[in-house]
Each structure stands twice: as structure tokens, then as C-alpha cells.
Amino acid sequence: MLRFSLPVCMIGTLLALTANSGLQDIGLWMARPALLLYLIVQWPRQGLLAKGLQLVALTLAASVAVFHADPLPILLDAWDRFCFFATFVSALGLLRVSAMRSRLIRDAGQVLIRQRPTWRYPTLSLGSALFGMIVNIGVLNLFGAMIQRSNSLKAAGGDRAIQAVRERRMIMAMLRGFSLAPLVSPLGVTLAVILSSMPQLSWSKLAPVAFPTAAIVFVLGWALDWWLRPRHLTAPVVTRPSPEPLFRFIALALGITVLVFAVSLGLDVRLPVAVLIACPLSAVAWMAVQRRRLGGGTGVVRAVTLLGRHSRLIFGASRNEIAVLGGSAFLGGLLIPLVDQAWLGDLLIATGLHGAPAAVAAMLIVLLLAQVGLNPIVSVTLIAGLFADTHVIGLEPQVLAVALMSAWSLAMISSPFTAAMMVLAQLTGRSPYTLAWRWDGLFFLLLLPLISAWLFLVDALY
């Protein structure tokens, strides 16, 4: 039962979100104890942030239980939020497992790495964003390892200066591309947090604002990479591989995305709920194709058998993500009913934070907290939940949502404490402070006022 506690939570959550009223209650009471069992079992192997967040959540839950007149509905609603995000992370985790076993991923990644200097930034940046939709942070491990292997002294013509410049440009292109995911990915955690906290929003309402924001990030990064290129160094000629694996991966990524939207429309469910259904189906189908090519039986049966055999490792690998994201949602679920929205609105108006300045202030708060180690998952969840009704601060919900999505992206390129920066520090052997503040500091300082000005413009248009 211990190894299947998280799958039981996933099934129960899906029943609660998609079934009729009778099965909904059954689903909820399947998911709630199963998640509790999973967290207890995984506690010894969780990181400090995950443990600390859960202790804070437990303390607040105890306070609500003691001091609130009717605590049970608040506690159950907050726990159901935890179950949802545990299921969401697990669904994406299954897709990641299939991707990391795929030869197509490696072949397509090589196409992106082996580009001429002029086109290396856009291909690596956009490729990281595209791969990040499927593989999530695994794209940094994958591409980072490829960069280290391909960027040998021999490949640089024996010139260590060219080797060092190549490493810096490729690592930054990969990181900046990965940071686009919170703005463009319909499968990401960021969108799930925003849409669950602001139910009046949808992807179709966010995309017209989020995509131009991502374009600003991409264009500035490419321009800065070109402007700072070392003109005195002559790189050896690069032989470009066939782009066919990359085209096949793009088709696969589009297929998974189309399936998510098809499930959303066909079952009339919100996009994050559609992700819970489409991603596990895509993962099993993808793994089935891989298993079938190895021979020896039906691909689907072999894929399901493999997932079952390794379920403890597969679901255990997501323990920290589940604890941090789910714990943040749980905290938000406890705090939001306790806050007087009218009082909060009056307080903000008294401080002058109203309209676009409030959106920029929210973005800066997330960024400042990220610089001292607080993951944007926590701060964005709390801010989005507290200001679910954005008209309290004189904003359209799209503006605040994109401000928070932008803050998440900016934190990924500027905070030494994010998981992305830790992965790259380990791969390159450099301090995360060097990567975040020295290598990417100028880009961040130029981008922050641009995004702020863009938010003022969007607020004026709305």
C-alpha cells in the first residue's frame, strides 16, 4: 500500500474533479488519507525547504483548528488543494520519466547543441523552452551534460578562451530559454497555480499578454548575446546534423499539447485538470512505443508493468516538489479565508499601491523573496490567492497574473537559490552566485524595467 499511496491519491483526485457527486466524495476520501500516508513515508528523505514549509503549514492548521469557529471546511478545502498539486506534479513526473528514457530527446538535443554561433542562442533558448514543457527541469541536466561533452578543448580548436566563451553563452541561452516556460507553457506548474487561485482566468485570456512578455525576454536575451559576442575570437567551423529528430520532437510536443486542449474541451474541464488526464496517458503511450521497439510483447502492457515495478522510485523522486508546491497551496488555502479582503484593499489603497504599481510591487516582492531563498512557488501561491479578486487593487486579473508569471521567470535567472541555478552550478562547477549575478546580472537589470514598463502598458490597454 505504501508504494501505491500516491497513485491512489492521483486516482481519487481525478474522480473528485471529473466524476458525479457520488463518486466525488469517494474520490476525496481516497485522496486525502493516501496523500497523508505518502508524506509521512517520504518525510525522512525530504529537503529542508520541504520540511520547513510543512511544519509551518502544520502549525497554521493547528491554529485554525483551535481558534476558528468552524475549522473543518477550511482544513479540508486546503488539504484538497494539496492533493490536487500532488497529483499535478506526479502527472508531469510520469511524462518526465518517459522523456528521459527516450532516444529521441537525446538526438533532438544534439541538433540544438551543434549549431553555428549565430544561431546557437535562438535554437538553444527556444529548444530549452520547448523541451522544458515536457521534461521540466530535466532539460537542464540533459542539455547541460550535452554542452559539457560537446564543448571540448578539441572542438574549440585548442583555444581555451573560445571554450570558456562557448560555455557561458550556451549555459545562459539554455537558462534563459528554460525561464520562458512559466510564461508560455500550458502544461506548467506556474499556470496551474495561477488558474487555481484565479478561477476567472483561462489560458486563452492569459496567452495574449503572456506570449508578448516571453517575446520581450527572448529578444532582449538574443540581442544581448549578439552584442556581447567576442568579435576577436574565430570559432572553428561546425558541422550541423540533420534537423529531422528535432522536427519529430516538435511534433510530439505539439501532439501532447493538443491532447491537453482536446481533453479540456471534450470533458469541459479546466486546463490544469486536463493536464492530470492527458499527461499520464501521453507518458504511458510514449513509454509503450519505446518498450515495443525493444520487442517481446505488447508495448502498453510492458510500459504499465515497468511503471508499477519502479513506482516507489518514480513517485518518490517527486517528494520535494510535491511537498513544496502542495504545502504552498495548503498554506494559501488556510490563509485566504482568514483575510478580510475589504480591509486588505483599503490598506493597499492607503499605501498608494493601486493599478499597475500594485502589479509591479507584487512582482518585486516575489523577486526579493527569491533572492533570500523563498521559492516563487510559495510567494506566487500566496499572493495570487490573497488577491483572487484583483479589482480590490484596481487591476484586471490578466495583469496581476502576468506580473506573477514574469516574477517566476525572472527569479529563475536571478536567484542563486532556485533549483535551476543549483543544477547548473553542479554541472559547470561554478558558484550559483556567479551564474545568477555575474553571468546573468546585466540581462536581469535590463529586463526588469522593460517588464515593468510592459505591465504599465498592458494595464493602460485593459
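Every heavy atom of this structure was used, including side-chain atoms; hydrogens, water molecules and symmetry mates were not.
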> Taking all atoms of both residues into account, what is the closest heavy-atom pair of Ala34 and Ser5, and its distance?
Replying inline: CB-O, 3.2 Å
>> For Ala86 versus Ile322, what's the shortest heavy-atom pair and its separation?
In response: CB-CG2, 3.7 Å
> Taking side chain as C-beta onward, heavy atoms only, is Leu410 less than 4.5 Å from Ile413?
Replying inline: yes
>> Using a 6.0 Å distance limit plus a 45 degree cone around the ring axis, check whether Arg176 lies over the aromatic ring of Phe443.
In response: yes
> So, do Leu334 and Leu75 sit near enough that their side-chain heavy atoms are less than 4.5 Å apart?
Replying inline: yes
> How far does CG of Asp225 sit from CZ of Arg168, to the nearest 0.5 angstrom?
Replying inline: 10.5 Å
> Below 4.0 angstrom, N of the basic side chain to O of the carboxylate: do Lys205 and Glu396 qualify?
Replying inline: no
> For Thr428 and Glu167, does a side-chain donor sit closer than 3.5 Å to a side-chain acceptor?
Replying inline: no
> Is there a side-chain contact (heavy atoms from CB on, under 4.5 Å) between Leu36 and Arg32 once you walk through the steps?
Replying inline: CA-CA 7 Å; Leu36 180 61; Arg32 289 164 179 167; over 6 Å; no
> Under a 4.5 Å cut-off applied to non-hydrogen side-chain atoms, are Leu206 and Leu195 in contact?
Replying inline: yes
>> Please give me the minimum heavy-atom distance between Gly47 and Asn320, naming the atom from each residue.
In response: N-OD1, 2.7 Å
>> Once you measure the plane-to-plane angle for Phe330 and Phe82, does it fall in the parallel (<30°), tilted (30-60°) or perpendicular (>60°) bin?
In response: tilted
>> For the CG atom on Asp70, are there more than 12 heavy atoms of other groups (residues, nucleotides or ligands in this structure) within a distance under 6.0 Å?
In response: yes
> When rounded to the nearest 0.5 angstrom, what is the spacing between OG1 in Thr257 and CG in Leu187?
Replying inline: 5.0 Å
> Looking only at heavy atoms, what is the nearest atom pair of Ile277 and Thr18, with distance?
Replying inline: CD1-CG2, 4.2 Å
> Any side-chain heavy-atom pair from Leu175 and Leu424 closer than 4.5 angstrom?
Replying inline: yes
>> Does Thr190 form a side-chain contact (heavy atoms from CB on, under 4.5 Å) with Ser185? I'd like the steps, not just the answer.
In response: CA-CA 8 Å; Thr190 308; Ser185 175; over 6 Å; no
> Within the side chain of Thr390, is there an N or O that forms a donor-acceptor pair under 3.5 Å with the backbone of Leu395?
Replying inline: yes
> Minimum heavy-atom separation for Arg120 to Thr123, with atom names?
Replying inline: O-OG1, 3.1 Å
> Looking at CD1 of Ile451 and CE of Met363, how far apart are the two atoms once the value is rounded to the nearest 0.5 Å?
Replying inline: 7.0 Å
> Can Ser379 and Ile365 be said to form a side-chain contact (heavy atoms from CB on, under 4.5 Å), step by step?
Replying inline: CA-CA 8 Å; Ser379 50; Ile365 288 170; 5.7 Å; no
> Between the side chain of Ser415 and the main-chain N/O of Ala411, is any donor-acceptor distance below 3.5 Å?
Replying inline: no
>> Within the structure provided, determine whether Met412 and Pro182 are in side-chain contact (heavy-atom separation under 4.5 Å).
In response: yes
> Under 3.5 Å, is there a donor-acceptor pair between the side chain of Gln42 and the main chain of Tyr38?
Replying inline: no
> Should we count CG of Leu48 as having more than 12 external heavy atoms under 6.0 Å?
Replying inline: no
>> Under a 3.5 Å threshold, yes or no: a donor from one side chain and an acceptor from the other, between Thr381 and Ser328?
In response: no
>> Looking only at side-chain N and O atoms, does Thr434 offer a donor or acceptor that is under 3.5 Å from a partner on Trp439?
In response: no
>> Would you say that Leu246 contacts Ile250 through its side chain, given a criterion of any heavy-atom pair below 4.5 Å between the two side chains?
In response: yes
> At what distance, to the nearest 0.5 angstrom, does CG of Leu23 lie from CG of Leu28?
Replying inline: 11.0 Å
> Taking the side chain as C-beta and beyond, is there a heavy-atom pair between Val193 and Phe85 under 4.5 Å?
Replying inline: yes
>> Would you say the ring centers of Phe131 and Phe178 fall short of 6.0 Å from each other?
In response: no
> Between atom CG of Leu447 and atom CD1 of Ile216, what is the distance when rounded to the nearest 0.5 Å?
Replying inline: 8.0 Å
> Hey, what do you get for CG (Leu14) to CD1 (Ile11), rounding to the nearest 0.5 Å?
Replying inline: 8.0 Å
>> Pair Ser202, Leu271 - check side-chain contact (heavy atoms from CB on, under 4.5 Å), show working.
In response: CA-CA 8 Å; Ser202 64; Leu271 205 59; over 6 Å; no
> Looking only at heavy atoms, what is the nearest atom pair of Ala329 and Arg81, with distance?
Replying inline: O-CD, 3.6 Å
> How are the rings of Tyr433 and Phe417 set to each other: parallel, tilted or perpendicular (split at 30° and 60°)?
Replying inline: perpendicular
>> Are the side chains of Leu35 and Thr13 in contact, using a 4.5 Å heavy-atom criterion?
In response: no
